[in-house]
Amino acid sequence: MSINETNELYELSGQVESIVYRNDENGYTVIELAGEDEMITAVGIMPMVSVGEQLKLYGTYKNHPSYGQQFSATACERSMPENLDGILKYLSSGAIKGVGPATAQRLVKEFGADTLSVLENDPVRVSKIKGISMDKALDISSQLKQVVGIRELMVYLQSFNIDAKCAVAIWKYFGNQAISYIEENPFILCDERLNISFDTADSIARHQNRSEDDRFRVRAALIHVLNHNRLNGHTCLPSKKLIEVTAQMLSLELLCVETALEEMVEDGTLVSEYFSEKEFIFTNSMHSSENYISARLNMLMRFPAMRIENAEEKIEHIEKRENISYAALQKEAIKEALTKGMLILTGGPGTGKTTTLNAIIRLLKENGQKVILCAPTGRASQRMSELTGEEAKTIHRLLEVNFDIEDNPVFKKNEHNMLNCDAIIVDEVSMVDCVLFESLMRALPLSCRLILVGDCDQLPSVGAGNVLSDLIASNTVPVVKLTEIFRQSMKSLIVTNAHKIVNGENPTLNTVDNDFFFIQKLNTEDIAFTIADLCTRRLKNTYSYSCLDDIQILSPTKKGMLGTYELNNRIQSIINPKDSSKREVSVNYYTLREGDKVMQNKNNYNINWVKENGEFGEGIFNGDIGILEEVNTSSHLVKVRFDDKVALYDQDSLSDLELSYACTVHKSQGNEFECVVMPVHNFAPQLMYRNLLYTAVTRAKKMLILVGDQNSLFKMVQNNKRILRFSGLKHFLLKGD
């Protein structure tokens, strides 16, 4: 994804003359390759390649701003040097530890063209060379077998379209026995640490002429179905459903799959639990995660934080001091927070969650408590800071995230290195999945007060689990749900209609002088045109709203004329069209241009940023919205401004960006926008439900405009069939109560 690049595929052959750079962790290498007529710089995944080797590379030519033209290899075929000059270069380069130029000269002089074969297979002969002991000869043999092993593995895997990067990971995992292990059971590649798909492993199995009901195949398929459904939010599946789906996928009889499942439960590969006399199946990791959360919360309830006495008097005192009168449920929530070890504070818009939360924070701090605030996303933590006046961090940042060599998050804060606090408050808990919540629980000090804040009527987390809903449904932890809409909020049709929607009532649509508007349009082209016209012209002319700073289009879907892809391109073509004075770069589905509104689509803790006051740091988070200020073709960096900080994106991190004039409702969670515009149409059935609409409506601070079909809107309101998620947290909490 470089700038001004050519994508025509070439084949390139030559001898490696020098190694410019090598990353031993992932095999990324920069080499000088001697071709037929010239020396060529080649880059790509070429693990353990050494000077003197013959390579055949497949790839494209790229123009690097600092290093000029390079050949970017996507595939690499290797062969050890065969002529004396190549063998001497190979051994003299240091490719084999313990063999330098002088030793290489002696070896080549003694063994000639057979040198590499003798070094690998006949260490006794090698040990007779002056200066080489038997131990050293055996070590040289082992190193060459290693080089040959990974080369053979790469060739073997390339026939199944497994790239060099994955081959490196597989070789590191299984060593020189990798091919024999794969031949014995290709489905070992489905191990989650290797990230090879079931379909790829299955293609290898078919190549081996394995039977359809092969034991390894059925076992791998069961895990594949569980992991696939984990990506859809499920931490477990009913055994009956798991068996049926797997049998259908493999075209096998139910009994065959059922037998394999019983075997996997018996040997501990999978875990079985019975909830309400129905069997559910977990992977070990998901079972461990929800079990740990349950055990830790039950411990917190049995050994709560120290009770703060005279809570009623303290509440009265703050009311007098702040000249405020809390509603009954607000007082109850404040009291519970001060006197119990845990509280869930929930409620819809306009019910006073922020006012209640601010009172809790103030009273805890006045009583000498060290309070930490956090939220699951950068935008949510920033908003929490703005509303409370206190510092708030993302949960990842709070737990001091690092990443291992497989790019998996590893937290410094855990049960061995706990957070230093007396109370922790987590906002937007509906967005927190069970794995992240488990990590937070592991870092929670004993007798720490835990306060969870969220709206259980919003969409669930992107990751697996039903943390907030399960906690509330279990009835094992204190919950206060604020329901009273305060007088000032009742003036807002956004607030009152949001409560109507969540209660299954159709919203008021005929008011034209408030903050909630509905524009009836029946076909997709009219809806798309109206949305574009609103965002680029009408709202700017009437309310001075900026498409970059104030307006956010939310859509239930990415695809189709009313999806985010098409709406983004439509808006971009109007407000930031192609211009020779503006540099641009192609990323994924979009062309990103200087001046575009963009969004970070994943947490990336390695992106550098700097503020105008000179403060600098690392990390841009999923859902952060900014403006692309510069595409620098000389430094090969893209500059994006996120509020008060400027981030620099290199070639590798560019894929984290996408246009964000429009984003999905799911992506908008944790954010609020001055004005939200949303299409309402007859979308796919799985997108036409109440809490998706409710989540979208509650993202708007000052204005909401729905454009589309009234019948489709009412259909969404009446559909309270939430996204069904299978999870075990509620049942574990009840079992441990």
Side-chain angles (χ1 to χ4, degrees), residues 12-24 27-42 44-57 73 76-158 164 167-168 170-172 174-180:
L12 187 66
S13 297
Q15 181 176 286
V16 180
E17 286 295 311
S18 67
I19 306 297
V20 179
Y21 169 81
R22 188 202 311 276
N23 184 326
D24 290 325
Y28 181 82
T29 310
V30 181
I31 63 171
E32 292 292 330
L33 192 75
E36 291 182 3
D37 304 314
E38 60 181 335
M39 196 72 69
I40 299 168
T41 301
I45 305 297
M46 296 175 275
M48 299 177 68
V49 72
S50 297
V51 170
E53 285 192 54
Q54 287 292 132
L55 300 184
K56 183 181 286 185
L57 303 177
C76 170
E77 294 179 9
R78 301 166 57 185
S79 58
M80 296 296 274
E82 296 177 354
N83 60 57
L84 295 181
D85 179 61
I87 294 171
L88 184 60
K89 281 185 178 180
Y90 177 74
L91 292 175
S92 300
S93 70
I96 304 298
K97 292 178 182 176
V99 178
T103 304
Q105 287 276 7
R106 292 200 300 272
L107 289 168
V108 172
K109 183 178 180 180
E110 179 69 24
F111 302 122
D114 295 327
T115 300
L116 295 178
S117 177
V118 173
L119 289 175
E120 181 185 353
N121 301 309
D122 200 346
V124 174
R125 286 179 67 188
V126 176
S127 68
K128 294 177 180 178
I129 300 294
K130 185 180 178 180
I132 299 181
S133 66
M134 188 62 194
D135 285 344
K136 185 173 180 179
L138 288 169
D139 181 55
I140 292 170
S141 173
S142 175
Q143 290 184 60
L144 269 170
K145 288 182 185 299
Q146 197 175 85
V147 172
V148 171
I150 191 169
R151 187 176 72 244
E152 290 178 347
L153 178 63
M154 289 177 66
V155 172
Y156 175 79
L157 293 174
Q158 278 175 4
V168 173
I170 293 167
W171 182 82
K172 285 190 173 185
F174 296 114
N176 284 338
Q177 300 300 311
I179 293 178
S180 61

Check your understanding: Which heavy-atom pair separates A42 from M46 by the least distance, and what is that distance?
Key -> O-CE, 4.0 Å
Point to revise | Pairwise distance CG(L119) to CD1(I132) - rounded to 0.5 angstrom | key: 7.5 Å
Practice item. Please name all residues satisfying side chain to side chain contact (heavy atoms under 4.5 Å, CB included) with M134, sequence neighbours left out, ordered by chain then number. Key: P123, V124, S127, L138
Practice item. Determine, stepwise, if the pair T41 / E32 fulfils side chain to side chain contact (heavy atoms under 4.5 Å, CB included). Key: CA-CA 5 Å; T41 301; E32 292 292 330; 2.9 Å; yes
Point to revise | Partners meeting salt bridge (Lys or Arg N to Asp or Glu O under 4.0 Å) with R22 (sequence neighbours left out) | key: D24
Review point. Do V16 and L33 pass the side chain to side chain contact (heavy atoms under 4.5 Å, CB included) test, and can you show the C-alpha distance, the side-chain angles, and the key distance before you say yes or no?
Key: CA-CA 5 Å; V16 180; L33 192 75; 4.2 Å; yes
Check your understanding: Out of curiosity, S13 OG to L57 CG, how far, rounded to the nearest 0.5 Å?
Key -> 7.5 Å
Revision key, fill the gap. dist N23:CG -> T29:OG1 (nearest 0.5 Å) comes out at 8.0 Å
Check your understanding: Under the side chain to side chain contact (heavy atoms under 4.5 Å, CB included) test, which residues partner S117, sequence neighbours left out?
Key -> N121
Practice item. Search all heavy atoms of W171 against all heavy atoms of L153 and return the closest pair with its distance. Key: CB-CD2, 3.6 Å
Check your understanding: What pairs of residues pass the side chain to side chain donor-acceptor pair (under 3.5 Å) test when at least one of them lies in residues 134-143, not counting sequence neighbours?
Key -> D139-Q143
Exercise for review: Provide the closest heavy-atom pair for G52 versus K89 in the form atom of the first, atom of the second, distance.
Suggested key: CA-CB, 4.3 Å
List the atom pairs, with distances to 0.1 Å, where a side-chain N or O of residues 96-113 and a protein N or O form a donor-acceptor pair under 3.5 Å, not counting sequence neighbours.
unit_1: R106; atom_1: NH2; unit_2: K130; atom_2: O; d: 3.2

**Study point:** Partners passing side chain to side chain donor-acceptor pair (under 3.5 Å) against E120 (at least two apart in sequence or in another chain)
**Key:** none
